[in-house]
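For reference, the structure is listed below as structure tokens.
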Amino acid sequence: KNQVEQSPQSLIILEGKNCTLQCNYTVSPFSNLRWYKQDTGRGPVSLTIMTFSENTKSNGRYTATLDADTKQSSLHITASQLSDSASYICVVSAGNAGNMLTFGGGTRLMVKP
Amino acid sequence: DTGVSQNPRHKITKRGQNVTFRCDPISEHNRLYWYRQTLGQGPEFLTYFQNEAQLEKSRLLSDRFSAERPKGSFSTLEIQRTEQGDSAMYLCASSSENDWLSNQPQHFGDGTRLSIL
């Protein structure tokens, strides 16, 4: 069964600090891995998308890594801001159809002043 | 605004009533997806369309649920005889068929939050 597990479930950090969120997956065949940011009451917004051949991708203060051998990904947030408070969802695609996306349960990040 | 639009944003109804949600995708996108998300969980796939054809339905989509995309543009999701367990956020997303080739993400709307009293 395709699964995506994220850790931690929730995280509280102080403004300005860095943090790293983890994603482990058992999805086959692997097509790509995406990180989404979801603000409370809003839809998810794409941060990064990586294929099998990519092992790192950045989007501003967000840097995602992918190790396709160990089936692990991480999302590193640098110099956190209050606006980074949100849920971060790891999504793994096994193909090109909507039903081929497997979503993780998300990590809820709270950045405190 | 060229994003995915969902209406209404919030819907409160009594158990047993029917509800209908609407999704307007990004205009050039031919794929449209419906997801359900409960508090603290990631979205769960319900169904998706390519143009007007409904290509896949999840087992989560009971016979009380029906989705349509009659002209291949906007879509509606109807829930009949609502139950307490239907309370959730219903998300719509869209993408181009070619987005998969260029590894572009699905674009999500802000969802319709359904509360069953």
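In what follows, every chain begins at residue 1, and chains take the letters A, B, ... in the order their sequences are listed.
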**Item:** Per-residue contact mode, A/R108 against chain B (heavy atom under 4.5 angstrom)
**Value:** side chain

**Request:** Pick one of side chain, backbone, both or neither for B/Q37, based on which atoms fall under 4.5 Å of a heavy atom in chain A.
**Result:** side chain

**Asked** If you tally heavy-atom pairs under 4.5 Å against chain B, which of A/C90, A/S10, A/P44 wins?
**Response** A/P44

**Message:** To the closest 0.5 Å, what do you measure between OH (B/Y35) and CG (A/L101)?
**Reply:** 4.5 Å

**Request:** Please determine, among A/Q6, A/Q9, A/Q38, the option with the most heavy-atom pairs under 4.5 Å with chain B.
**Result:** A/Q38

**Request:** Give the minimum heavy-atom separation between B/P43 and A/I89, together with the two atoms involved.
**Result:** CD-CD1, 4.0 Å

**Item:** Joint hydrophobic cluster, A/Y62 plus A/V111, side-chain heavy atoms closer than 4.5 Å
**Value:** yes

**Prompt:** Under 6.0 Å from the CD atom of B/E78, do we count more than 12 heavy atoms belonging to anything else shown?
**Reply:** yes

**Asked** If Ile, Leu, Val, Met, Phe, Trp and Tyr residues are connected whenever their side-chain heavy atoms lie under 4.5 Å apart, and connections chain through other members, are B/F45 and B/L91 in the same group?
**Response** yes

**Message:** Are A/Y88 and A/V45 connected into the same hydrophobic cluster when the rule is that any two of I, L, V, M, F, W, Y join if their side-chain heavy atoms are below 4.5 Å apart?
**Reply:** no

**Prompt:** When clusters are formed by joining ILVMFWY residues with side-chain heavy atoms under 4.5 Å apart, either directly or through shared neighbours, do B/F74 and B/F21 land in the same one?
**Reply:** no

**Complete:** Rounded to the nearest 0.5 angstrom, the CD-OG distance for B/Q106 and A/S46 is 10.0 Å

**Request:** Please check if B/L39 and A/F103 belong to a single hydrophobic cluster, counting links between Ile, Leu, Val, Met, Phe, Trp and Tyr side chain heavy atoms closer than 4.5 Å.
**Result:** no

